[in-house]
Every structure is written in structure tokens, then in C-alpha cells.
Amino acid sequence: MTLEVVPSRTRNTGIFLLDNQQLTLGIESSCDETAAAIVRADGLVLSDIKATQIDIFKNLGGVVPEMAARAHTEKILPVIDEALKAAAVDWAQIDQIHVTEGPGLIGSLLVGHSAAQALAMAYNKPLHWVNHLRAHCLACWLWEAGETKPEIVFPSIGLLVSGGHTQLLWMKDYEHWEIVGETIDDAAGEAFDKVGKMLGLPYPGGPEVSKAAEKGNPQAFKFPRAQLEKGSLDFSFSGLKTAVLREIKKVEIEQLGDLEKKQFVSDVAASFEEAVIEVLLSKTRWAVLKYQPLSILLAGGVAANKALRGRMKDEFSSKFYLPQLKFCTDNAAMVGVH
Ligand code: KG4
Ligand code: ZN
């Protein structure tokens with residue numbers, strides 16, 4: 001399989017140089033968060049600023065690319081200024097700029113690219129392009145003042161679950177990553193978002209479904225768990241999504257009373273979430289058995305899911321690493337990691 005997550009450029013591996021005090025300005029604008037952060041070369045986050053567009057798209061059912069690009073244009077420079085201010089540093093102290101290269105919405109990405117290129121030229125700083133998926137995984141190395149720096153030992157198996165991707169990665173070292181399993185249809189986050197929409201919940205569906213699931217019965221509905229061929233590390237969530245839709249169509253949701261409706265939504269959400277978690281867990285377990293890694297990582301927006309975090313922690317205990325909640329969904333600190 002391709003090594004899509006590995007960028008071609010030469011990169012610093014500052015995270016392993018304990019005395020490395022270099023500072024990076026990270027810029028992220030791949031979707032609907034305009035973000036900037038200052039990160040030290042050992043992964044310490046000095047500031048992490050985000051202007052979210054969630055309120056614009058909450059009731060539109062998803063991100064409208066042109067609107068997102070326009071909002072990025074308005075916010076990008078104020079967010080960068082705020083990141084410098086919050087870290088109490090000035091441009092002279094910044095050693096380099098990292099910007100999300102992609103994948104993402106092209107109009108949104110271009111705003112970050114243009115700002116980063118202009119600032120790199122104006123302040124004479126080196127500019128590095130960072131793959132967004134790799135950045136999600138690198139969020140596992142971030143830490144803040146008062147915390148212990150994570151000491152992750154390679155090789156690792158990484159489960160990357162975002163809105164557009166679901167991948168199992170075999171990470172031999174900091175640079176050499178291989179995709180050993182991925183979704184053949186929907187990503188896990190995409191499935192969460194679509195199920196949220198089917199249940200009439202606001203965008204993005206992931207956190208809403210997860211919240212509704214807390215009050216539901218995960219055994220209420222028997223949804224399918226697609227394992228594909230024996231031993232396959234690939235995923236498929238489209239059958240599950242269709243099964244959820246079929247169950248919802250059996251009921252006239254709008255005809256239900258308030259309490260009944262809430263319980264139905266919670267039960268569907270909990271049963272769906274349970275099916276997704278079981279598949280993600282079982283595939284990761286297989287990958288761990290096959291590759292015998294020294295650490296297991298979880299990353300991407302769906303890593304913010306409380307139930308998934310808890311179950312992975314229970315299963316892989318001391319070998320398990322994941323980003324702090326706020327560094328799971330899109331942010332710039334993960335882009336600033338060396
Ligand atoms: O990584 P991310 O922020 O953006 C992409 O790069 O795609 O992931 C966003 C995805 C969305 O699909 C969102 O619904 C999902 O992560 N997500 C969650 C939760 N929080 C965000 N899914 C399940 N449970 C959550 N708590
Ligand atoms: Zn993302």
C-alpha cells in the first residue's frame with residue numbers, strides 16, 4: 001500500500017532532541033477550524049488558538065466550502081497574532097512555520113497556504129508543509145506545562161479515525177509509516193456524521209451521537225459489524241449506516257412523544273456507537289497481534305469519543321497513547337509538532 005501519510009520533504013525530528021528549544025508556528029485551515037499554535041521542538045504547546053466555524057454550519061447539515069474559505073480569510077491573521085500573544089513570543093523568536101498541506105477543502109487550505117507563504121517571506125522563516133493525517137497522529141506527542149512529556153516507544157500501531165479517513169498505520173519509527181488497513185467506503189467519523197443527520201442532530205454528528213448514546217442501550221438494536229475477509233485490517237461502515245437508516249425508517253420519529261423520541265434516538269446512537277467501537281477495537285487488536293508493536297496510538301477527531309478512548313485504554317493499558325481531548329479534532333498544535 002502507499003505511504004500516503006509520509007510527507008516527501010526532509011523534516012526535523014526535534015521531538016527526540018531534549019535540549020531543542022526551537023519554536024514552530026503551526027497553521028491549520030483544512031476544513032472549518034482556523035487555527036494557529038506555537039509549539040516547542042519537544043512537543044510542549046506554548047499556545048493553541050482556534051476560531052471555530054461550528055456555529056455557521058451547525059444547522060446547515062455540513063460545511064459549505066465557499067463559506068468556510070471566506071471565514072478562514074477573516075480569521076487567519078487575528079488567530080496567528082493571538083497565538084504569538086498567548087505564547088508571549090514575537091516573530092524574532094519563531095524558528096519556522098508549519099502549515100497543513102492537505103488533504104482538506106481546497107479553498108480552505110489555500111487560505112492557510114497563502115498566509116504561511118506570505119509570513120514566511122515577510123519574516124524570512126523556513127516554511128514546511130505538513131500532511132494533515134500525519135499531524136493528527138503527531139498530536140500524541142503534544143504536552144502542556146504541568147504535564148509529563150509522553151515518551152512513546154516505536155514501533156507503533158496507530159489507529160487514525162477522522163472525518164474523512166480511517167486507517168491502521170504501522171509506524172516503524174518517526175519517519176517510516178505504512179498504511180496496513182483502511183476503510184473501503186465511509187470513514188468512521190463520516191458514519192457518525194451521517195447517523196447524526198439521520199437522527200435529526202446538528203452537525204457535526206460525532207459529538208452529538210456520542211452524547212445521545214450516553215443515555216441509550218447499546219444492545220437495543222443489533223447492527224452489523226463488518227469484519228470483511230478473515231484477518232483483514234480494512235474497515236467498512238456503509239452497511240452499518242444503511243442498517244441504521246433502515247431501523248430509523250421503521251419508526252415515524254416525528255410521531256413519537258418527546259420522551260419516547262429521546263429514548264429512541266439514544267438507543268440507536270448507543271447501538272451504532274457500540275458497533276463502530278467493536279469493529280475499531282477488533283481490527284486494532286488483530287493489527288497488534290500481527291505486528292507486535294511496543295505502543296498503540298489513537299488519533300483523529302473520533303479519538304475524542306469518550307467510549308472509544310475508555311475501551312482502548314482498558315484493552316491496551318500502559319502501551320496506549322492518545323492526544324488530550326482538545327488535540328483530537330482539528331487544531332494547529334498538531335501541525336506544529338516537528
Ligand atoms: O479529525 P477531524 O477533526 O477532522 C478531519 O480531519 O476529518 O475529525 C472530525 C470527525 C467528524 O466526523 C466528527 O463527527 C468526529 O470527528 N468526532 C467524533 C467526536 N468528536 C468529533 N466522533 C465521535 N465521537 C466524538 N466525540
Ligand atoms: Zn482533521
Side-chain angles (χ1 to χ4, degrees), residues 4-5 26-35 37 48 50 52-54 57-58 61-63 65 68 72 99-106 108-109 112 130-140 142 158-167 182-183 186-199 201-214 216 218 235 237 240-241 244 266 268-270 272-277 279-281 297-312 322-335 337:
E4 192 202 332
V5 290
I27 300 173
E28 154 66 32
S29 71
S30 66
C31 188
D32 56 352
E33 311 280 1
T34 318
D48 167 47
K50 205 190 264 193
T52 182
Q53 301 172 11
I54 202 159
F57 301 120
K58 199 161 63 185
V63 177
H72 282 305
V99 64
T100 301
E101 182 173 30
L105 300 172
I106 189 68
S108 291
L109 286 165
V130 179
N131 179 288
H132 183 75
L133 306 180
R134 180 179 163 90
H136 268 301
C137 298
L138 292 179
C140 291
L142 292 171
L159 174 64
L160 170 70
V161 272
S162 72
H165 294 80
T166 297
Q167 298 178 338
E182 63 188 328
T183 182
D186 290 351
E190 196 177 350
F192 265 99
D193 292 340
K194 287 178 177 165
V195 165
K197 211 169 185 175
M198 291 175 205
L199 290 171
L201 300 171
Y203 174 86
E208 299 288 334
V209 169
S210 159
K211 205 159 71 189
E214 283 175 19
F235 303 86
F237 294 108
L240 168 60
K241 192 186 64 191
V244 172
S266 291
V268 170
F272 161 78
E273 185 181 73
E274 179 61 26
V276 174
I277 290 177
V279 171
L280 293 175
L281 261 181
L297 315 184
L298 173 66
V302 183
N305 184 279
K306 230 202 264 171
L308 177 64
R309 293 167 80 86
R311 296 271 282 278
M312 296 268 296
L322 81 177
Q324 259 192 61
L325 259 185
K326 65 176 171 185
F327 298 134
C328 289
T329 46
D330 290 347
N331 66 89
M334 69 185 194
V335 182
V337 178

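Note that ligands are numbered from 1 as they come in the structure, with each ligand's atoms numbered from 1 the same way. A quick note: this is a predicted structure, and the numbers were derived from the prediction, not measured.
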Using a 4.0 Å cut-off to any heavy atom of [X], which atoms of ligand 1 qualify?
{"X": "Gly164", "value": "7 (O)"}
{"X": "Ala304", "value": "20 (N), 26 (N)"}
{"X": "Gly189", "value": "12 (O)"}

Take every heavy atom of Cys31, measure it against each atom of ligand 1, and state whether any distance is under 4.0 Å. no
Heteroatom distance test ([X], ligand 1): nitrogen or oxygen, under 3.5 angstrom:
{"X": "Gly206", "value": "yes"}
{"X": "Gly300", "value": "no"}
{"X": "Gly163", "value": "yes"}

Determine, considering heavy atoms only, which of Glu28, His136, Lys194 sits nearest to atom 1 (O) of ligand 1. His136
Out of Thr329, Val302, Asp193, who is nearest to atom 14 (O) of ligand 1 when you count heavy atoms only? Asp193
Would you call [X] and [Y] a side-chain contact if the rule is heavy atoms closer than 4.5 Å?
{"X": "Leu325", "Y": "Lys306", "value": "no"}
{"X": "Asp32", "Y": "Ile54", "value": "no"}
{"X": "Met334", "Y": "Leu138", "value": "no"}

In terms of heavy-atom contacts, does NZ of Lys326 have more than 12 from other residues, nucleotides or ligands at under 6.0 Å? yes
From Leu109, Thr329, Thr100, Asp330, residue fulfilling side-chain contact (heavy atoms from CB on, under 4.5 Å) relative to Cys31: Asp330
Once you restrict to heavy atoms under 4.0 Å, what part of [X] touches ligand 1? Side chain, backbone, both or neither.
{"X": "Lys306", "result": "neither"}
{"X": "Asp330", "result": "both"}
{"X": "His132", "result": "side chain"}

Any carboxylate oxygen within less than 4.0 angstrom of a Lys/Arg side-chain nitrogen, looking at Glu274 and Arg311? yes
Main-chain N/O of Gly206 paired with Asp193 side-chain donor or acceptor, under 3.5 Å: yes
List the closest protein heavy-atom neighbour of atom 24 (N) of ligand 1: residue, atom name, distance to the nearest 0.1 Å. Asn305 ND2, 3.1 Å
Report the nearest protein non-hydrogen atom to atom 17 (N) of ligand 1: residue, atom name, distance rounded to 0.1 Å. Gly301 O, 3.5 Å
Quick one: report the N, O or S atom of Asp330 that is nearest to the Zn ion (ligand 2). OD1
Looking at the Zn ion (ligand 2), which N/O/S atom of His132 is the nearest one? NE2
Given side-chain contact (heavy atoms from CB on, under 4.5 Å), test Met312 with Leu159 step by step and report yes or no. CA-CA 10 Å; Met312 296 268 296; Leu159 174 64; 4.2 Å; yes
Least distance between heavy atoms, Val302 atom then Ser162 atom: CG2-O, 4.2 Å
Relative to each other, are the rings of Phe235 and Phe237 parallel, tilted or perpendicular (30° and 60° limits)? parallel
